[in-house]
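In what follows, a single structure is set out as structure tokens and then discussed.
Bear in mind the structure is a predicted one, so any value in this text is a computation, not a measurement. Chain letters run A, B, ... following the sequence lines, proteins first, then strands; residues in each count from 1. Keep in mind that the numbers below use all heavy atoms, side chains included, and drop hydrogens, waters and symmetry copies.
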Amino acid sequence: MDAILDGLNDAQREAVTSSASVLQVLAPPGSGKTKTLTARVAYLVGHHQLKPWNIIVCTFTVKAAREMKDRIKALIGEQVAKKLELGTFHSIALRYLKQYGQHIGISKDFGIADSSDTKAILKKSIAKIGATMQPGSAQGRISSLKCKGIDCDAFARSAKNVESQEFLQIYRSYEATLLASNLLDYDDLLLRCRFLMQSHPQCVSNVQAVLIDEFQDTNCVQYDLMRLFAQHCNAITIVGDPDQSIYGWRSAEIKNLATMKQQWPDTLTINLKDNYRSSGAILHAAQKLIEQDEGRPPKKLQATHSIGSRPVLRKLPSANAEAEWLVSEIKRTQAVTGGLLKENDFAVLLRSATLSRAIESALGKAGVPYRMLCGTRFYDRAEVKVLIDYLRVINHAGNDEVIERVINVPTRKIGDKTVAALNQEAQLKGVSLWRMILDVVQGRCRSEFKLAEPALKGLASFVDVVLTGQRKVTSLESEKSSLLALLETVIKKLNFQSYLKEKYAEDHEIRWANVEELMAQTGDFEEKENLQDMAEDALPAIDGLDQREISSDDALQLFLANVALTASLEKKADDDGESVQQITISTMHAAKGLEWPVVFIPACYDGSIPHSRAEDNDEERRLLYVGMTRAQVLLYLSCPIKNTQREETCMSTFLTQPGIECFFEEHGPMVSNASVNALAKTLRRDAPAPKTISEKRRELDQEEDNYWPLNGDMPAAEEARWDYSRDKSLPGFGTANRSLSTFGSTSMQQTDGFSTASATMKSGFVSVASKYEELMEQSAIRKIERRTETAAKVVDENPKGRKRQIDGQSSIATFFSNAAAKSERLPASPPSTLKRPGPPLPEDRPKRPLNEISNMQFSRPDQLISKSSSSMPYKPRTAPLSSRPSQVQVEDDAGSGNSYVFLSSSPEKPERNEPSVPANVQSADSSNGSEQPKIRPAATFHTTSMQRIGQPQRKTLGMRRSLHGWSARGRP
DNA sequence: GGTGCATGAATGCGT
DNA sequence: TTCATGCACC
């Protein structure tokens with residue numbers, strides 16, 4: 001018992017031990033919300049002797065559920081914890097519907113329509129009606145109606161105008177389709193469960209306590225569910241924070257807090273005030289920001305840590321510059337804190353997942369490992385989704401949309417026309433698409449329409465796969481994992497591996513690795529969710545109420561439900577005990593409830609945050625508040641003065657309100673040794689020794705965040721490069737040797753011609769330049785040798801080739817200036833742009849004839865590789881995408897002009913490929929047994945720039961680049 | 001009628 | 001990047 005209350009402050013302790021039957025805990029960021037809630041659960045079990053299976057704990061997201069479960073486990077032990085009825089609202093609703101659904105006419109084998117299904121259904125419905133609505137917006141509108149409990153009939157009563165009449169038709173058609181296919185969408189899960197609770201209150205007669213996490217995010221239906229779960233016991237604990245309500249777009253109702261108080265007038269409210277997460281300066285800034293919302297009841301955050309360094313609000317010239325600055329700040333802070341901060345301590349939080357590209361490429365280029373918390377779900381990756389869809393058809397052939405998605409994958413000569421004809425005929429006969437197909441194939445149907453012979457054959461092979469699968473499920477002689485065996489059968493029947501090879505010639509190995517990961521997961525699932533566990537998971541039996549049994553027969557169904565309700569597969573970093581160090585990239589939404597020592601929030605401009613589509617600016621502000629309060633010791637907001645579309649941006653209105661600027665610093669902090677100690681204290685870590693700190697600092701080229709001008713201009717070196725690049729008379733691409741000499745002279749010209757270049761830059765130039773040139777030359781010779789060795793082995797898979805272009809020049813210029821300043825510590829090898837943040841490569845920079853030099857810097861990827869590989873050990877299970885042996889190339893991102901390290905098997909056109917050295921040749925097509933280290937990008941299941949392999953460069957992009965000259969963005 | 005390629009347009013957060 | 005469309009070819 002003491003263990004449960006240990007380390008709680010007074011308010012937390014009061015909340016945990018309160019005997020109030022209805023309790024609201026208002027918990028601002030970092031106040032120990034989860035700690036309090038988990039402790040209360042443990043307390044209810046330990047002190048009040050409630051049975052865990054009679055306690056319902058609802059969270060909002062899968063991640064929160066997992067986190068909560070883990071923490072409760074730590075408090076009361078795994079055996080007890082896993083008996084709790086703990087999960088997301090949706091998963092708990094699903095559980096009730098599975099076991100009691102028959103009482104409200106829901107058959108056992110209903111499927112869950114995910115958003116791609118509902119979108120497809122809506123698209124068809126809209127087409128049928130002849131409306132012009134976007135499926136996406138219909139989807140949103142229907143969902144929001146459902147969340148408010150407005151069904152078709154209720155909507156019909158209010159639908160007066162033509163537009164709503166049309167929408168009503170769509171709504172009705174959509175609901176009819178779901179019904180006909182025996183499908184429930186996400187909202188239906190909640191609605192039906194609510195109906196079940198209302199009509200059969202005995203279902204929850206066992207419940208002794210209901211606890212709700214993130215209550216401010218509940219919608220009306222979820223509120224009702226909470227009320228109904230607790231209809232017998234009347235014991236409710238909620239935790240929440242109105243300031244962190246960021247799901248209004250999902251129909252969350254902040255007013256549920258007030259509603260609750262009205263409904264239970266003796267509700268006890270406990271305010272947690274103390275913040276244990278962030279340093280004072282961060283809290284002050286966040287507080288100032290949230291107070292811009294005048295309708296909000298005043299509430300103070302109490303810092304428990306020291307004031308720390310002020311958050312940073314940084315201006316950069318472009319999105320790419322921002323990304324490069326961000327990477328350089330990561331490296332700089334790591335160094336100036338003497339290694340106190342590891343990669344795991346950094347997070348980049350984004351308003352939208354689409355903003356990640358520039359960041360990913362900059363991280364990839366610098367060899368910094370990262371993981372994405374957001375992004376495409378593993379189960380949504382094309383190759384995985386196809387297999388999942390096959391399993392769904394096998395499990396539940398009534399889902400026409402899914403059949404349509406896979407019927408021609410791999411291609412079976414069944415085109416849209418055939419499908420449309422089948423659909424029409426099926427509708428005419430009033431049977432499902434699957435039944436129709438079956439009848440056609442098995443000759444039971446003398447159809448009025450004629451199918452082409454190849455299409456008929458194709459249908460037969462499709463039916464064969466599905467029927468074989470279904471037989472596999474029903475025969476269930478599970479001497480081995482039946483789910484896995486089923487999946488293996490499907491894969492074999494589809495000849496899936498060769499299909500992938502054919503369809504995705506460039507990256508089939510990565511895709512196949514994902515398939516293997518899926519197989520591993522199905523195996524895991526069955527192992528974990530074995531019969532015994534399933535019995536334990538089941539709801540407790542209730543006298544006089546039929547309960548459907550859940551058995552291993554349902555493994556497939558449970559697995560698929562799990563897939564539908566699982567956001568993304570959280571990668572277990574410590575599979576082999578050692579945790580992988582990597583930066584986290586996440587959306588601000590997905591970051592809720594999490595914390596990191598250092599947080600970056602890039603793209604703080606109007607249109608991004610507040611988002612241009614957002615309806616509620618207060619909610620956007622709260623979102624930024626949530627993002628800011630994730631930070632423990634260092635917080636960076638930044639704003640490119642040009643967005644990714646190269647349009648001028650306005651800094652977020654939230655950050656330009658009068659008075660807020662004094663809460664921010666204009667550039668990254670200079671961290672003194674004393675601040676390092678304070679910082680360590682806030683993080684509850686040991687401070688590094690002063691000696692270590694100074695050693696690390698010395699490795700830096702720039703100890704201060706002063707490379708990028710504070711006003712968002714391009715740095716001087718960039719300007720120099722600009723001048724150079726506009727000079728049309730300069731020599732073009734040549735051989736490596738020629739370019740070397742070219743380089744010497746041109747950069748000399750450039751430096752001389754650049755009046756604002758510092759004097760040190762010039763004075764240190766000659767000696768450093770000659771030394772550097774010598775090193776470069778040696779390196780170039782090595783590379784040319786290696787290139788000729790390997791050239792013969794490399795197959796040109798992509799004749800269009802891609803032009804790579806690395807920013808050599810300005811980093812070289814900086815190198816000179818730096819080297820001049822610190823000539824006593826000249827690096828032993830050519831300086832890598834990795835070490836210092838490369839200057840930006842704005843989207844529209846014209847190509848410069850210095851790619852050879854650039855390549856030289858990058859075609860020594862061994863530096864980069866060793867960095868990457870040391871921190872990213874090869875782990876196929878956890879990082880399937882990275883399992884492909886590849887050659888490393890430096891790529892020019894077609895759109896952004898940014899440099900990438902690519903895993904690629906497509907070489908350059910020889911004449912443009914000067915010193916490009918496939919240093920890391922191990923790919924299937926050019927394997928020579930090389931023992932070069934492999935690069936292992938940390939990206940896991942998500943599409944990242946690192947995986948953009950073999951994409952032909954779009955010619956139009958090259959055009960665009962030359963159209964918008966660098967000059968267009970000249971200095972103010 | 002079906003397939004494959006080239007081109008053009010759009011891209012919000014999550015169960 | 002992913003999706004939708006238009007076009008040439010089997």
Side-chain angles (χ1 to χ4, degrees), chain A residues 58-65 87-94 112-116 118-119 123 134-137 139-140 143 146-147 184-190 214 217 219 221-222 246-252 349-357 360 373-377 380-382 408 411-421 449-455 458 503 561-568 586-592 607-616 619-620 622-623 626-627 644-645 800 893-896 942-945 947-948 951-952 954-956:
Chain A
C58 287
T59 67
F60 218 66
T61 63
V62 176
K63 204 164 49 184
T88 61
F89 276 101
H90 290 86
S91 70
I92 290 175
L94 175 73
I112 298 173
D114 66 23
S115 38
S116 64
T118 56
K119 207 167 195 171
K123 200 175 158 195
Q134 290 286 315
S137 73
Q139 203 177 18
S143 175
K146 284 188 169 189
C147 288
L184 299 182
D185 67 19
Y186 290 126
D187 301 311
D188 285 337
L189 289 175
L190 303 180
E214 305 278 16
D217 288 333
N219 62 34
V221 179
Q222 287 163 329
I246 53 173
Y247 284 97
W249 53 276
R250 263 169 78 176
S251 307
L349 305 184
L350 308 165
R351 173 61 184 84
S352 29
T354 43
L355 292 166
S356 70
R357 283 184 58 194
E360 282 186 69
L373 275 189
C374 53
T376 326
R377 302 186 330 156
D380 280 345
R381 300 189 63 82
N408 203 28
T411 131
R412 297 189 174 97
K413 301 207 181 291
I414 306 168
D416 294 342
K417 297 274 165 162
T418 310
V419 174
F449 64 98
K450 263 197 89 156
L451 284 181
E453 195 56 34
K503 173 137 192 217
N562 204 43
V563 167
L565 295 182
T566 302
S568 60
S586 171
T587 59
M588 283 189 256
H589 281 95
K592 192 169 179 189
S608 174
I609 179 125
H611 196 271
S612 49
R613 294 188 173 198
E615 281 162 23
D616 182 356
E619 178 159 312
E620 296 289 302
R622 290 194 294 267
L623 184 57
V626 167
T644 42
Q645 267 75 51
K800 287 204 174 95
D893 174 33
S896 67
H942 309 285
T943 309
T944 72
S945 49
Q947 295 150 28
R948 262 187 277 145
Q951 285 291 319
R954 304 268 297 270
K955 291 168 203 137
T956 46

Given the structure, check if the side chain of Glu620(A) and the base of dG12(B) hold any donor-acceptor pair shorter than 3.5 Å.
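When only heavy-atom distances are counted, Glu620(A) does reach the base of dG12(B) through a donor-acceptor pair under 3.5 Å.
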
Please state how far atom [atom1] in [X] lies from atom [atom2] in [N], giving the value in whole angstrom units.
{"X": "Ile92(A)", "N": "dT15(B)", "atom1": "CD1", "atom2": "P", "answer": "14 Å"}
{"X": "Leu349(A)", "N": "dC13(B)", "atom1": "CG", "atom2": "P", "answer": "14 Å"}
{"X": "Lys592(A)", "N": "dG14(B)", "atom1": "NZ", "atom2": "C1'", "answer": "12 Å"}
{"X": "Leu350(A)", "N": "dC13(B)", "atom1": "CG", "atom2": "P", "answer": "9 Å"}
{"X": "Lys119(A)", "N": "dT2(C)", "atom1": "NZ", "atom2": "C1'", "answer": "11 Å"}
{"X": "Gln134(A)", "N": "dC3(C)", "atom1": "CD", "atom2": "P", "answer": "15 Å"}
{"X": "Met588(A)", "N": "dG12(B)", "atom1": "CE", "atom2": "P", "answer": "15 Å"}
{"X": "Leu184(A)", "N": "dT15(B)", "atom1": "CG", "atom2": "P", "answer": "18 Å"}

Any strand counts, and the cut-off is 3.5 Å on both contacts for Watson-Crick or G-U wobble. Which nucleotide pairs with dG12(B)?
none

Is [X] touching bases, backbone alone, or none of the nucleic acid, heavy atoms closer than 4.0 Å?
{"X": "Thr61(A)", "value": "sugar-phosphate"}
{"X": "Ala455(A)", "value": "nothing"}
{"X": "Ile112(A)", "value": "nothing"}
{"X": "Phe89(A)", "value": "nothing"}

Ala590(A) or Val419(A), whichever maps to the more 5' nucleotide of DNA chain B:
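Upstream on the strand: Val419(A).
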
Test Arg351(A) against Leu355(A) for side chain to side chain contact (heavy atoms under 4.5 Å, CB included), laying out the working first.
CA-CA 8 Å; Arg351(A) 173 61 184 84; Leu355(A) 292 166; 4.3 Å; yes

Check: [Y] and [X] side chains under 4.5 Å, non-hydrogen atoms:
{"X": "Asp185(A)", "Y": "Lys146(A)", "result": "yes"}
{"X": "Asn408(A)", "Y": "Lys413(A)", "result": "no"}
{"X": "His90(A)", "Y": "Leu565(A)", "result": "yes"}

I want to check one thing: is the phosphate of [N], taken as OP1 and OP2, less than 4.0 Å away from some side-chain N or O of [X]?
{"X": "Arg613(A)", "N": "dC13(B)", "result": "no"}
{"X": "Thr418(A)", "N": "dG2(B)", "result": "yes"}
{"X": "Lys146(A)", "N": "dT15(B)", "result": "no"}
{"X": "Asn408(A)", "N": "dG2(B)", "result": "no"}
{"X": "Thr411(A)", "N": "dG2(B)", "result": "no"}

Do Phe60(A) and the base of dT15(B) stack face to face, with centres under 5.5 Å apart and an angle between planes under 30°?
no

Answer yes or no for this row: His611(A) ring on dG12(B) base, centroids under 5.5 Å, planes under 30°.
yes

Which nucleotide sits closest to the side chain of [X]: [options]?
{"X": "Lys413(A)", "options": "dG14(B), dT15(B), dT3(B)", "result": "dT3(B)"}
{"X": "Lys123(A)", "options": "dG14(B), dC13(B), dA4(C)", "result": "dA4(C)"}
{"X": "Thr88(A)", "options": "dG14(B), dT1(C), dT15(B)", "result": "dT15(B)"}
{"X": "His90(A)", "options": "dG12(B), dC13(B), dT15(B)", "result": "dT15(B)"}

Pairing of Arg622(A) and Glu619(A) as salt bridge, 4.0 angstrom limit:
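Looking at Arg622(A) and Glu619(A), the cut-off is met.
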
Test ring-ring contact (aromatic ring centres under 6.0 Å, His included) applied to Tyr247(A) - qualifying residues, sequence neighbours left out:
Phe60(A), Trp249(A), His589(A)

